[in-house]
Amino acid sequence: MRAVLFDMDGVLIHSEEAWFAAMNEVAVQVGSPLIPREVFDACWGQGVEEDARDHYGGLDPAHLELLYAETVPRHLHHLTVPHPLILDQVRSLGLRVAVVTNTPQPLADLSLSLAGLRAEVVCAAGDAPAKPDPGLLRLAMRRLELRPDQVVMVGDSPSDAGAAQAAGVRLIGVGQPGWRSIPDVGHLLGLDVFDAPPRLQGH
């Protein structure tokens with residue numbers, strides 16, 4: 001193992017409340033029904049195209065991305081970072097770090113900056129098709145110049161699982177099944193594959 005690809009929302013940062021408020025603000029702006037919490041929770045983490053289809057009556061995804069860019073930053077004070085040192089801890093093992101997210105690039109960069117998180121590579125919506133398409137993972141691996149067997153993905157959604165499987169990458173599931181499973185990202189370094197740098201060479 002030479003690198004870890006992290007999903008962002010729900011793994012590195014908790015931005016659900018920010019997005020719930022922002023998406024409903026957008027619903028008011030475009031005259032769509034408010035999004036019930038249970039519907040939001042069921043669709044959380046999907047891409048902009050799916051949001052446009054599911055929540056905004058087929059609104060043009062490019063227009064929706066602009067609305068998100070204007071609206072989401074006003075709500076990012078809700079953002080929390082449960083384990084602010086996790087990327088540095090992973091790097092301390094000699095591993096490289098990438099973030100692979102369905103959040104549009106400007107919002108991903110802003111969220112990571114506000115969270116104080118720094119990744120070597122950030123692949124976000126607009127760089128490649130959204131997960132569960134494997135394109136973002138494959139782009140991250142190309143930028144890192146690594147193969148699927150040299151990385152693991154840490155994700156918390158079926159979209160992450162689908163993208164990892166399609167890309168041939170092992171998944172560490174946060175609150176869901178995977179090659180390994182953990183309740184939250186704070187338990188990542190407790191996995192046997194992270195317990196000592198010499199052992200990493202065998203995975």
Side-chain angles (χ1 to χ4, degrees), residues 1-15 44-45 47 79-103 105 107-125 127-203:
M1 187 192 312
R2 296 181 59 189
V4 182
L5 314 181
F6 287 90
D7 177 47
M8 186 179 74
D9 297 292
V11 173
L12 294 176
I13 64 176
H14 290 177
S15 57
W44 171 238
L79 182 152
T80 62
V81 188
H83 300 283
L85 299 179
I86 190 64
L87 298 188
D88 291 334
Q89 290 170 332
V90 169
R91 274 192 288 266
S92 74
L93 297 175
L95 298 173
R96 300 169 75 186
V97 170
V99 172
V100 182
T101 177
N102 282 349
T103 297
Q105 187 78 57
L107 293 176
D109 291 340
L110 177 59
S111 296
L112 290 168
S113 176
L114 290 173
L117 298 171
R118 180 181 54 84
E120 181 176 345
V121 168
V122 179
C123 296
D127 293 335
K131 299 172 288 183
D133 188 280
L136 286 170
L137 277 70
R138 289 175 175 161
L139 177 60
M141 288 185 285
R142 285 198 300 274
R143 290 178 176 176
L144 293 168
E145 299 183 337
L146 295 175
R147 303 184 307 268
D149 63 304
Q150 295 176 308
V151 307
V152 294
M153 172 76 187
V154 181
D156 70 330
S157 72
S159 294
D160 294 324
Q165 181 177 17
V169 170
R170 293 166 294 181
L171 175 75
I172 296 175
V174 178
Q176 68 166 347
W179 169 66
R180 297 286 195 277
S181 296
I182 52 177
D184 68 69
V185 76
H187 291 79
L188 182 63
L189 299 185
L191 295 177
D192 59 351
V193 295
F194 290 100
D195 63 357
R199 293 190 58 183
L200 296 175
Q201 305 308 314
H203 295 273

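Quick caveat, the model's predicted, so the values are computed rather than measured. Every heavy atom of this structure was used, including side-chain atoms; hydrogens, water molecules and symmetry mates were not.
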query = Rounded to the nearest 0.5 Å, how far apart are CD1 of I13 and CG of L79?
reply = 4.5 Å
key: Closest contact, heavy atoms only, D7 versus T101   = OD1-CA, 4.3 Å
Candidates V152, L144, L146, V99 - the one meeting side chain to side chain contact (heavy atoms under 4.5 Å, CB included) with L5 = L144
request  = Check the pair R143 / D127 against side-chain contact (heavy atoms from CB on, under 4.5 Å), numbers first and verdict last.
outcome  = CA-CA 12 Å; R143 290 178 176 176; D127 293 335; 4.2 Å; yes
Short side-chain to backbone donor-acceptor contact, K131 and V100, under 3.5 Å = yes
Straight-line distance of C123 SG to M141 CE, nearest 0.5 Å = 10.0 Å
query = Between the main-chain N or O of S157 and the side-chain N or O of D160, is there a donor-acceptor pair closer than 3.5 Å?
reply = yes
note = So CG of L107 and CG of L112: to nearest 0.5 Å the spacing works out to 11.0 Å
query = For L110, does its backbone N or O pair with a side-chain atom of S113 as donor and acceptor, under 3.5 Å?
reply = no
note = Between S111 and M8, the two heavy atoms sitting closest are CB-CE, 4.1 Å
Pairwise distance CZ(R2) to CZ(R147) - rounded to 0.5 angstrom = 8.0 Å
Min side-chain heavy-atom separation W44-S159 under 4.5 Å = no
task = Calculate, to the nearest 0.5 Å, the distance between atoms CZ and CD belonging to R170 and Q150 respectively.
result = 10.0 Å
key: Side chain proximity check, R96 to V121, heavy atoms < 4.5 angstrom   = no
key: Heavy-atom check, side chain of L189 versus side chain of H83, under 4.5 Å   = no
task = Locate the shortest heavy-atom distance separating A161 from Q176; write the atom from each residue and the value.
result = CB-NE2, 4.2 Å
inquiry  = So Q89 and L188, do their side chains get closer than 4.5 Å, heavy atoms only?
reply    = no
Rounded distance (nearest 0.5 Å) linking atom CG of L93 with atom CE of M1 = 9.5 Å
query = Are D9 and T103 close enough that a side-chain donor and a side-chain acceptor fall under 3.5 Å?
reply = yes
query = Below 4.5 Å, heavy atoms only, C-beta onward: do V122 and Q105 meet side chain to side chain?
reply = yes
remark   = Nearest heavy-atom approach of A124 to L136 is O-CD2, 3.3 Å
task = Can you see which heavy atom on A128 is nearest to which on G135, and at what distance?
result = CB-C, 3.6 Å
ask   = Looking at M153 and F6, what are the two nearest heavy atoms and their distance?
value = CE-C, 4.3 Å
